[in-house]
Amino acid sequence: MKDTVGVAILVSGGGTNLQAIIDAKAAGQLPSCELKAVISNKPEAYALRRAEKAGIPAYVVPKIGRGEAAQVEFEERVDEIIRRSGAEVTVLAGFMCILSENFVKKYPERIINVHPALIPSFCGKGFYGLRVHEAALSYGVKVTGATVHFVNEIPDGGRIIMQKAVDVKEGDTPETLQRRVMEEAEWKILPASLEKVCADILAARRNDAMNDQL
Ligand code: GAR
């Protein structure tokens with residue numbers, strides 16, 4: 001029986017969360033995970049360079065056009081890369097496309113996402129990247145943070161795996177707050193959640209194998 005779970009990481013931008021996963025793997029903190037593929041919808045995403053430097057196969061799947069047919073084609077290509085790579089768990093690490101219900105239903109509790117706020121605050125459709133921190137600051141919250149959760153058909157609506165709170169400071173801008181939330185929360189709980197999800201899959205598999213022998 002395999003002793004790791006294959007992981008694909010979907011990205012769109014700078015890829016600092018991908019880097020946190022790569023660094024955690026290099027530091028021996030992800031013993032249950034094997035990083036199989038990085039997929040970007042943006043050819044210019046710096047995350048692709050990070051994947052190449054780490055020796056992880058990197059792919060670009062641009063989303064061409066709008067509407068259902070474009071979404072179906074995009075998802076079919078992403079799905080094919082995930083399946084061919086042997087990944088069983090997919091991480092959305094700054095992936096700025098919403099996946100359809102049809103796609104996520106194929107992978108129940110096998111897709112995880114990092115969101116830069118404490119869900120259920122500042123989440124759902126339209127809340128992504130810097131916009132989340134702009135909303136938190138304009139609301140005047142004193143504490144924000146990050147959430148890692150399973151992805152289901154509701155944007156930011158799946159079961160929560162880990163959360164970490166971060167203080168908002170006097171004079172914070174969306175940019176300073178974004179950076180602090182990444183450093184203090186996202187880069188810690190994303191690799192930790194990924195390891196937990198993969199370790200749980202392996203434990204369930206070992207348990208099933210033992211029961212089969214009884
Ligand atoms: C991160 O803050 C991530 O939480 C956020 O985008 C940033 C990507 O940064 N994701 C979302 O807002 C998704 N709803 P990165 O490319 O440096 O990891």
Side-chain angles (χ1 to χ4, degrees), residues 7-25 30 35 37-54 56 58-63 78 90-100 103-104 111-139 141 143-168 172-194 197:
V7 175
I9 302 142
L10 273 51
V11 295
S12 298
T16 64
N17 278 291
L18 166 66
Q19 192 65 53
I21 292 171
I22 291 169
D23 293 347
K25 181 69 196 164
L30 303 181
L35 308 182
V38 169
I39 306 170
S40 174
N41 63 315
K42 301 266 183 213
E44 71 278 12
Y46 186 68
L48 290 164
R49 307 283 88 76
R50 296 181 191 270
E52 279 160 14
K53 268 192 216 161
I56 306 166
Y59 306 86
V60 179
V61 181
K63 195 174 160 200
V78 169
T90 298
V91 182
L92 310 186
F95 183 62
M96 300 303 180
C97 297
I98 293 202
L99 293 167
S100 72
F103 186 94
V104 301
I111 308 175
I112 73 174
N113 179 48
V114 60
H115 182 73
L118 294 174
I119 290 173
S121 291
F122 311 115
C123 65
K125 209 162 184 269
F127 285 103
Y128 57 86
L130 215 50
R131 287 180 185 211
V132 177
H133 305 289
E134 283 164 2
L137 287 176
S138 73
Y139 201 93
V141 293
V143 177
T144 183
T147 304
V148 178
H149 62 94
F150 287 113
V151 174
N152 66 5
E153 64 282 6
I154 303 158
D156 297 326
R159 187 160 72 86
I160 290 172
I161 304 164
M162 284 186 196
Q163 288 189 302
K164 192 165 189 295
V166 174
D167 285 338
V168 177
D172 258 337
T173 62
E175 290 79 7
T176 60
L177 186 56
Q178 179 182 50
R179 182 75 193 181
R180 188 162 346 95
V181 168
M182 284 176 158
E183 281 175 3
E184 292 182 11
E186 294 183 47
W187 300 344
K188 293 180 178 162
I189 65 171
L190 182 60
S193 300
L194 176 60
V197 167

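We count ligands from 1, going down the list as the structure has it; atoms in each ligand are counted the same way.
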Main-chain N/O of Leu30 paired with Lys25 side-chain donor or acceptor, under 3.5 Å
yes
Between the side chains of Arg131 and Tyr128, does any donor sit under 3.5 Å from an acceptor?
yes
Considering only protein heavy atoms, which is closest to atom 8 (C) of ligand 1, and at what distance to one decimal place?
Gly94 CA, 3.6 Å
Could you tell me which atoms of ligand 1, counted from 1 in the order shown, lie closer than 4.0 angstrom to a heavy atom of Glu186?
1 (C), 2 (O), 3 (C), 4 (O)
Tell me, which protein residue and heavy-atom name are nearest atom 6 (O) of ligand 1, and how many Å apart are they?
Met96 CE, 3.1 Å
Ionic contact status for Arg179 with Glu183, cut-off 4.0 Å
yes
Arg180 and Asp167 ion-paired at < 4.0 Å
no
Counting heavy atoms under 4.0 Å, the part of Phe127 that contacts ligand 1 is backbone
Does Ala47 reach ligand 1, in the sense of a heavy atom lying below 4.0 Å from it?
no
Is it true that Gln19 lies under 4.0 Å from ligand 1, counting heavy atoms only?
no
Spatial distance of atom OG1 (Thr90) from atom CD1 (Ile111) [nearest 0.5 Å]:
5.5 Å
Hey, is ligand 1 close enough to Gln178 that some N/O pair sits below 3.5 Å?
no
For ligand 1, which atoms have a heavy atom of Met182 less than 4.0 angstrom away?
1 (C), 2 (O), 9 (O), 17 (O)
When rounded to the nearest 0.5 angstrom, what distance separates CG in Leu118 from CD1 in Ile160?
8.5 Å
For Gly129, atoms of ligand 1 separated by under 4.0 Å from a heavy atom
11 (C), 12 (O)
Pairwise distance OG1(Thr147) to CD(Glu186) - rounded to 0.5 angstrom
9.5 Å
Option set Val114, Ile9, Ile98, criterion heavy-atom distance to atom 10 (N) of ligand 1, minimum:
Val114
Report yes if some N/O of Asn113 lies less than 3.5 Å from some N/O of ligand 1; otherwise report no.
no
Within-4.5 Å side-chain heavy-atom neighbours: Val38 and Val11
yes
I want to confirm something. Looking only at heavy atoms, which of Pro155, Gly14, Pro116 is nearest to atom 5 (C) of ligand 1?
Pro116
Of all protein heavy atoms, the one nearest atom 16 (O) of ligand 1 is Gly15 N, 2.8 Å
Is the number of heavy atoms from other residues, nucleotides or ligands under 6.0 Å of Lys164 NZ greater than 12?
yes
Considering only heavy atoms of His115, which atoms of ligand 1 have at least one such atom less than 4.0 Å away?
14 (N)
